[in-house]
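The block underneath contains the structure these notes are about, expressed in structure tokens.
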Protein chains: 4
Amino acid sequence: MSIPDIVRHPPFNITRASHVRYFVRDLDESLRFYTEVLGFVLSDLEDGIAYLRGIEESCHHSVVLMQDPARAGTAECIGMRVASEDDIAVAQAHVRGAGGTAEIVERPHQGLSLMTTFGKGTPPVELCASMPVLPRMLNNFVAQKGGRVLRLDHYQCAVPDVPSTVAKFMALGFRPSKYTLDEETRQVLSIFLSRKNNPHDLVLAGAMGPRLHHVAFVVSDLQAMLRAADIAANLGYGREVEHGPGRHGPPNGMFLYFRDPDGHRIEFILPPMQYIDPEDKPNVWESTDGVSLVPWGGGPPQRWREEMTRFDGHEAAGGPLARWTSLTDPRQDRTP
Amino acid sequence: MSIPDIVRHPPFNITRASHVRYFVRDLDESLRFYTEVLGFVLSDLEDGIAYLRGIEESCHHSVVLMQDPARAGTAECIGMRVASEDDIAVAQAHVRGAGGTAEIVERPHQGLSLMTTFGKGTPPVELCASMPVLPRMLNNFVAQKGGRVLRLDHYQCAVPDVPSTVAKFMALGFRPSKYTLDEETRQVLSIFLSRKNNPHDLVLAGAMGPRLHHVAFVVSDLQAMLRAADIAANLGYGREVEHGPGRHGPPNGMFLYFRDPDGHRIEFILPPMQYIDPEDKPNVWESTDGVSLVPWGGGPPQRWREEMTRFDGHEAAGGPLARWTSLTDPRQDRTP
Amino acid sequence: MSIPDIVRHPPFNITRASHVRYFVRDLDESLRFYTEVLGFVLSDLEDGIAYLRGIEESCHHSVVLMQDPARAGTAECIGMRVASEDDIAVAQAHVRGAGGTAEIVERPHQGLSLMTTFGKGTPPVELCASMPVLPRMLNNFVAQKGGRVLRLDHYQCAVPDVPSTVAKFMALGFRPSKYTLDEETRQVLSIFLSRKNNPHDLVLAGAMGPRLHHVAFVVSDLQAMLRAADIAANLGYGREVEHGPGRHGPPNGMFLYFRDPDGHRIEFILPPMQYIDPEDKPNVWESTDGVSLVPWGGGPPQRWREEMTRFDGHEAAGGPLARWTSLTDPRQDRTP
Amino acid sequence: MSIPDIVRHPPFNITRASHVRYFVRDLDESLRFYTEVLGFVLSDLEDGIAYLRGIEESCHHSVVLMQDPARAGTAECIGMRVASEDDIAVAQAHVRGAGGTAEIVERPHQGLSLMTTFGKGTPPVELCASMPVLPRMLNNFVAQKGGRVLRLDHYQCAVPDVPSTVAKFMALGFRPSKYTLDEETRQVLSIFLSRKNNPHDLVLAGAMGPRLHHVAFVVSDLQAMLRAADIAANLGYGREVEHGPGRHGPPNGMFLYFRDPDGHRIEFILPPMQYIDPEDKPNVWESTDGVSLVPWGGGPPQRWREEMTRFDGHEAAGGPLARWTSLTDPRQDRTP
């Protein structure tokens, strides 16, 4: 068996991907991009830190932008919500027991929060038990701008050792919805892992890491995607519309990738499919199946394949770059 | 307190609204409507019973059409999935202990299934532990028709006694995402109840009941909604496009209502918002707030307000019809 | 023959429907509606008169709003463009020769202009040879609001005597693209007349008149229509979204009708089909064919059928109201 | 003055771009692509020749596919409609007088037709006075497939000598809506020429020619574009979705380019803007302005820039290839 069994009763309850912490060079320019182009709502701005949420989100923030020229272009961590404060306590013990680090952190506009690492080569994850609730802006059409971004959906990270990283996250209850296998070694090359009821909270792929390839946000429709791209062009960011709009392979869905002013990559996706029933098996692909991220069109540009956000303080190392590339080969997709 | 506390650890685990069982007069005509107009995929057809699923669904069926002229126009039950077979056993004991009925039933193409009633005036609910898995048709664009319906989302039922029915379902872990209160009595008049991670698996509203007002299915975009309506017109069902396209009040979202050849009402909605975080409070509205199901446009036609599907063998009785009507008054919506 | 022959070489060259002159009660409120909800761009505002254009239009204005409480709710005229100043001179002689009136008028921001009437019971038409050219706002996505209205397309007027009015306009080169005939008298009951290369610059229907039923503007897509409706609701105009979104019968196309703060009716349509080739025959319908303006859905509300804008100084009289109603009967449409 | 004056009263009346004649290798495969993927309707199929029209078109055909392995991958001509048979006679005399060739040709399913060439290095143009009228399929939603292509809009041709070719077409009444100028020589490098009421029937750009870069067809909305791409992928043509969806520079509009099984390039565009008023000046761009065909995204792939359909019997020669390339440099667009 190439991937571990699903853990139906994990030690603590991670509910969903929730927030990312980015370092940026110029907060004014970043805010212009995130609010005017992508359509985020500013929840708070203080001490050189901006807290943003999508128009559907009632949680205080899903994006934190921290002005810090020395670390601009890197991320501090990706964030996950847990169901309660009790889960934070259990998580701290569990992660430490598994050889990772887990420290309670004070975060403005967050409830009890725990910064964790699961070992070298894995992305730092901040767990958070709650956030203040702010009004959803979904019905306030007058205030909506640009891409009218709805909510954070998932992260994609590059890690040098996919199988060991998968094991660590699946031990926390993450469930695979799709993965690719090396035809010869039967090792997992890339994987979609899920906690909430759709196919992805965290995508892992083998490459030099830990690095953050992108954070994906849901938008309502194609027209919202295009409005973001059109306004990006108006504001001088036309070349930062990096890839798309295009169709992903299964689980399919339209995508459009942007690079923010510091190079952080944001993916817009349409509302993903539901993934709940336990008997639903993941899609599995051999490395030679030619599964494609893009069933039509010419495939991503080289910079989409190579450039990623590093995590501050975490050296990126190792990684089977060739495999990453093969996953994204724009060959014909089969209908599942 | 007008509604009960949320039960975070319910006796058994209902995961989502899953399937409806309708009686129909002419199976051929119903199949034409469900496949050509709405876009369902036929999973199996045997013994005068058709099993249909949406193009996103891997479960065997979300709609069961049973040819039976004597009962045509009624429903047998609404269906809910539970997480495992163990949940079925616990459910049987729980429902019986609570004064309801719960009988194991043999259903083709379903795992362990339990038909339950929660007492007079409540809708019959069939619990199901699993279904065979069939290929998702999401990427098979050639085979997709009409509205390209994705998946079942929720039911709306009329019940004569909303508060007692709410108490019964909330005891099973259903969580309220929105409700209306009588300004004077502080009693709940209508409510959205959820198990999966969006605002609704079951909507209850006070009226003569138990009756099934509609079953809602998710479609991908406005263009899919309209294609269903356009094909309905081509095939002679133009007047069965009953209401919409229009916008619902909060939680908002576009809708379009159809009546099938037996009068069963199907709602098409766009992908609903996410509703996960425990600190997220339901929207609450006073009966005098003028909350509207339709922030713009002229409101639903009278038949939308009055006509519903009865449950075979369950007499519809009682119900504060005036309240139901007031909920749907097409007055101006406030932005939440 | 129930309608006249097409005049291929008319006395002067009307090129398209171009602008409407409305009287309004409160210019500030009207401007809010036209710019925030519908998405018009303000070209000039002076002396209590606002000049507006769609985001695609380079002509100075397609809507003129004149603050005048005494005449609010009426229109002064509908406007047509002619190809050159020479056409104005010929038009003046022609109209006078045909028994109408034709006076040169001074209009700010218009070239040579001629106010004409073609006799009792017909709408007053202002011909205009040119307008100053302003930048198209089509690529300026940042500045676009609400429905992002593109351009004026056509007028629909009620006239008491359709056959004689049709004769007058067809003598000017208008070409029919669709009409309905009284089954017994073979008289035309309603008609689409066109000068530019789509099916309609002027629609005439038999009813008390002359009255202006609506002015239609093209928008880019369904999402733009809905954004206008959603913002209308946010700004308190939700009940002024009068009818739709829905589908028209042939030549088909999606529509959405609004009432402005003075009750003037604005139709949004998607880009209409091309109608150029001379051998293309109009669609002709018998009054008993049950042709429908809406192949699906419940049909327009009563106020859509009855309420219209009067032309200031032109008494509305006569008219076979029953016929108008029958045209819009929401019966099933046949596929042409 | 770098381009000629507009000829308002041309010798004969070309009304619009109308039909293309392609040679193909395998008619069955071509038909599969044109009907299933793009959504054309088959009007007639006889003697190895297929006649296709868009779902909006009542003219008999806008695409003619001629099975001929020896000439597969080339085109015979592009076609233009004239207003009447009289125009054909005048055209023959005019073209011959201007040094071109003009021969009456017998074409099935076409009225009086004239094959013309305007001299070496220009594309062969077939003029046609009429076609049989067939039912528009616009309201027949059941029969619509793939991209639901509406109608032919324009051609883009590469010609080695743009100024002299422009002079020839403008003498026939074509009007420029946009052009680029060499900054130093003030010569026109590329141009949009129009007869019908939108910005383009014929686009010319300097390159080795005459060659046909693409034929553009209007589709209704983004969802139709994407459905064509998705079905292309299902049927094995995923890599023939060559470029887009993306946004063109001014006059803007969304595009998606396909290559058919013989390599002929088909562009899908959304309904273009109206271009009627005589005082409307063309957009003019210096070669150094960095005007872009794509205000956002990464620009077209190399094969889009270089590969084109040759005209059978017309040697492609000459041409300032560098200029063609510079026109399409994906640099930032300014808002006009």
Side-chain angles (χ1 to χ4, degrees), chain C residues 8 15-16 18 54-60 81-84 111 128-133 135-143 150-153 195-198 218 220-223 247-254 270-281 283 295 333-336, chain D residues 8 15-16 18 54-60 81-84 111 128-133 135-143 150-153 195-198 218 220-223 247-254 270-281 283 295 333-336:
Chain C
R8 299 217 178 275
T15 58
R16 64 177 183 92
S18 71
I55 64 168
E56 178 191 303
E57 293 178 313
S58 63
C59 62
H60 184 273
R81 288 292 296 269
V82 294
S84 70
C128 168
S130 67
M131 283 188 193
V133 170
R136 298 181 196 271
M137 304 298 279
L138 205 48
N139 283 22
N140 189 342
F141 296 93
V142 171
L150 295 176
R151 62 178 185 269
L152 188 146
D153 186 74
R195 280 295 299 166
K196 67 179 176 301
N197 289 344
N198 75 26
V218 181
S220 61
D221 50 36
L222 286 166
Q223 280 72 13
R247 169 81 65 191
H248 276 313
N252 69 353
M254 294 298 300
L270 297 188
M273 72 177 197
Q274 189 168 283
Y275 193 73
I276 298 180
D277 301 342
E279 70 269 29
D280 233 331
K281 294 288 176 298
N283 282 311
D333 203 6
R334 50 178 197 194
T335 301
Chain D
R8 299 216 177 274
T15 58
R16 64 178 184 92
S18 71
I55 63 168
E56 178 192 303
E57 292 178 315
S58 62
C59 60
H60 183 272
R81 289 292 296 271
V82 294
S84 70
C128 169
S130 66
M131 283 188 192
V133 170
R136 299 180 195 270
M137 304 297 279
L138 205 48
N139 283 23
N140 189 342
F141 296 93
V142 171
L150 294 176
R151 63 179 186 267
L152 187 146
D153 186 75
R195 281 295 299 166
K196 66 178 176 301
N197 289 344
N198 75 27
V218 181
S220 60
D221 49 37
L222 287 166
Q223 280 72 13
R247 169 81 65 191
H248 276 314
N252 70 351
M254 294 298 300
L270 296 188
M273 72 177 198
Q274 187 169 283
Y275 193 72
I276 298 181
D277 302 341
E279 70 268 29
D280 232 331
K281 293 288 178 297
N283 282 310
D333 205 4
R334 52 179 195 191
T335 299

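Just so it is clear, the structure is predicted and the values come from calculations on it, not from any experiment. Hydrogens, waters and symmetry mates are skipped; everything else that's a heavy atom, side chains included, is used. Residue numbering restarts at 1 for every chain, and letters A, B, ... go by the order of the sequence lines.
- Contacts between Asn197(D) and chain C at a heavy-atom distance below 4.5 Å involve backbone atoms as well as side-chain atoms.
- In terms of heavy-atom pairs under 4.5 Å with chain D, the best-connected choice from Thr15(C), Leu222(C), Leu270(C), Asp277(C) is Asp277(C).
- You'll find the side chain of Lys281(C) stays beyond 4.5 Å of the side chain of Val133(D), heavy atoms only.
- Neither the backbone nor the side chain of Pro132(C) comes within contact range of chain D; no heavy atom of the residue lies under 4.5 Å from a heavy atom of that chain.
- Side-chain contact between Leu150(C) and Ile55(C) is present, with at least one heavy-atom pair separated by less than 4.5 Å.
- Looking only at heavy-atom pairs under 4.5 Å with chain D, the residue among Arg151(C), Lys196(C), Glu57(C) that has the most is Arg151(C).
- Contact detail for Arg81(C) and Ser18(C): the closest heavy-atom pair is CG-CB, 3.2 Å.
- Applying the salt bridge (Lys or Arg N to Asp or Glu O under 4.0 Å) rule to Asp280(D) yields the partners Arg136(C); only residues at least two apart in sequence or on another chain are considered.
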